[in-house]
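Have a look at the structure below, then the notes.
This one's a predicted model, so the numbers in the text were calculated from it and none came from an experiment. Computed over heavy atoms, backbone and side chain alike; hydrogens, waters and symmetry mates excluded.
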Amino acid sequence: MTTDPGHDTARAFRTHQFSDYLRFERGLSDRTVVAYLGDVLRLTAFLRSKGVARPDDVDHAVLREYLYHLKDTGLAATSIRRSLSSMRSFFGFLLEEGACAADPTERLESPGTGRTLPTVLTQAEVGRLLEAPSPSSASFLRDRAILELLYATGLRVSEMVGIRLLDLELEEGLLTAYGKGGKERVVPFGRSSAEAVRRYLHHLRPELDRGLGGGMLFLNLRGRPLTRMSVWTLVKEAAEVAGISKRTSPHTLRHTFATHLLEGGADLVVVQELLGHVDISTTQIYTHLDREYLREVHRKFHPRR
């Protein structure tokens, strides 16, 4: 029996998981996900033609050759820039998944476009978002606990749905999260989120638990573990109810968590640890956000702006 080399490459490069990561963790639109995935599939086909079958075998030289290949095919400069952006997102994902030991895109030069800063909510917008679930909803206590905990911890959506009852130290305000590549870290959370989780645990979860939850903290109304898609939908619908026009996803709350900490004076290394970033350069994007915030405050309040 022969195997399909394209299928083997997709499995080695985790392209299906990358699609889920873009949609449910980064909250990108379907159109953007399709574009990024198309870029990645074109890249992996090129790598396969060069005999590169595993992420760890990819180096800077073959990626540079690929960019020249795109240019030679007559691809527009804007499309090449997007392909480079897709590659950086892809190898950042693979690195955090533990599928490769180093990021081969680090030395690739961008054709002159700045890095897009992620969307961040204001404190007022966060307040409206947290208040969005309706008390008359059957899932109100669970939904409020999830929103509170997302903002309080900066967890990825996959980490949120992966919380087990055993991972929670409610009285201490701590939980254990399992990040990319199974990396474990302890994350604190505050009184507001602790109280929201406590109400859910005492008043709703016992009703939902029919022995099908596998010890997970958050269950759906059928008693099964909550999915990433369910959390993504919850955040999206809460943003609509709250009248937030910005594209809002669980990852937006992660960005907001980090930015608000830095605005409050938190150390970058501490934020790196809380987010579970392997490399501090990933966390440094939030220093750019912080500078933008400082510029905005200066423009707004300085008498000679």
Side-chain angles (χ1 to χ4, degrees), residues 5-28 32-48 52-60 62-63 66 83-108 118 150 153-164 167 175-187 216 225-229 231-232 249-255 257-258 271-286:
H7 176 75
D8 290 343
T9 301
R11 183 168 56 188
F13 281 89
R14 309 189 188 194
T15 50
H16 180 71
Q17 293 95 319
F18 180 60
S19 175
D20 286 346
Y21 161 77
L22 292 175
R23 181 170 287 109
F24 302 134
E25 297 206 21
R26 289 191 54 187
L28 301 183
T32 303
V33 171
V34 168
Y36 269 43
L37 192 58
D39 291 337
V40 166
L41 291 176
R42 180 164 50 187
L43 168 65
T44 55
F46 177 84
L47 294 173
R48 189 169 66 246
V52 179
R54 297 169 55 252
D56 261 336
D57 297 331
V58 180
D59 59 19
H60 169 261
V62 73
L63 293 183
Y66 174 65
S83 293
L84 180 54
S85 176
S86 302
M87 283 179 1
R88 285 181 168 147
S89 294
F90 182 51
F91 282 101
F93 160 77
L94 291 175
L95 184 65
E96 291 204 5
E97 283 284 312
C100 59
D103 183 356
T105 68
E106 282 187 349
R107 294 169 54 203
L108 289 177
L150 281 171
T153 61
L155 291 182
R156 302 175 178 94
V157 66
S158 56
E159 296 168 345
M160 177 64 63
V161 298
I163 300 173
R164 303 169 301 174
D167 297 327
L175 62 83
T176 301
Y178 298 89
K180 299 291 183 67
K183 296 181 179 67
E184 180 181 323
R185 71 185 188 281
V186 175
V187 182
M216 307 308 290
L226 209 61
T227 65
R228 291 184 295 180
M229 180 63 178
V231 177
W232 185 85
S249 71
H251 218 62
T252 307
L253 286 173
R254 181 169 164 84
H255 293 316
F257 162 82
V271 176
Q272 176 194 5
E273 176 67 23
L274 291 173
L275 291 173
H277 285 161
V278 175
D279 191 332
I280 198 168
S281 64
T282 310
T283 320
Q284 284 173 338
I285 181 65
Y286 299 109

**Fill in**
Output for pair (Phe13 CZ, Leu47 CG), nearest 0.5 Å, gives 5.0 Å
**Item:** Minimum side-chain heavy-atom gap Ser158-Tyr21 below 4.5 Å
**Value:** no
**Request:** Locate the shortest heavy-atom distance separating Pro250 from Trp232; write the atom from each residue and the value.
**Result:** CD-CD1, 3.7 Å
**Request:** Have a look at Phe90 and tell me which of Leu22, Val40, Asp39 forms a side-chain contact (heavy atoms from CB on, under 4.5 Å) with it.
**Result:** Val40
**Message:** Could you check whether any side-chain heavy atom of Ile163 comes within less than 4.5 Å of a side-chain heavy atom of Leu155, counting everything from C-beta outward?
**Reply:** yes
**Item:** Side-chain heavy atoms of Pro225 within contact of Val161, under 4.5 Å
**Value:** no
**Message:** So, taking the atom named CG in Asp167 and the one named CD in Glu159, what distance separates them when rounded to the nearest 0.5 Å?
**Reply:** 11.0 Å
**CD on Glu96 to CG on Asp103, rounded to 0.5 Å** = 10.5 Å
**Message:** Quiz question: by atom type and distance under 3.5 Å, do the side chains of Tyr178 and Arg164 form a donor-acceptor pair?
**Reply:** yes
**Request:** Using atom types as modelled and distance alone, determine if a side-chain donor or acceptor of Asp56 lies under 3.5 Å from a backbone N or O of Ala101.
**Result:** yes
**Message:** Testing the 3.5 Å rule here: is there a donor-acceptor pair between the side chains of Thr32 and Arg26?
**Reply:** no
**Request:** Report yes if the side chains of Arg14 and Phe93 come closer than 4.5 Å at any heavy-atom pair, otherwise no.
**Result:** yes
**Prompt:** Are the side chains of Leu43 and Phe91 in touch, meaning some heavy atoms are under 4.5 Å apart?
**Reply:** yes
**Request:** Give the minimum heavy-atom separation between Cys100 and Pro55, together with the two atoms involved.
**Result:** CB-CB, 4.0 Å
**Asked** Does a side chain donor of either Glu184 or Thr176 reach within less than 3.5 Å of an acceptor in the other side chain?
**Response** no
**Message:** If we ignore hydrogens and angles and just use 3.5 Å, is the side chain of Arg156 paired with the main-chain N or O of His251 as donor and acceptor?
**Reply:** no
**Item:** Separation between OH of Tyr36 and OG of Ser85, rounded to the nearest 0.5 Å
**Value:** 3.0 Å
**Message:** For a quick test of reading the model, state the closest non-hydrogen atom pair linking Pro104 to Ala102 and the distance between them.
**Reply:** CD-O, 3.2 Å
**Fill in**
In terms of heavy-atom contacts, Arg23 and Val33 come closest through NH2-CG1, 3.5 Å
**Message:** For the OH atom of Tyr66 and the CE atom of Met87, what is their distance to the nearest 0.5 Å?
**Reply:** 7.5 Å
**Request:** Identify the two heavy atoms, one from Thr153 and one from Met160, that lie closest to each other, and give their separation to 0.1 Å.
**Result:** OG1-CE, 4.4 Å
**Item:** Distance in Å, Leu84 CG paired with Leu63 CG, rounded so as to fall on 0.5 Å steps
**Value:** 9.0 Å
**Item:** Nearest heavy-atom neighbours spanning Ala258 and Leu275
**Value:** CB-CD1, 3.9 Å
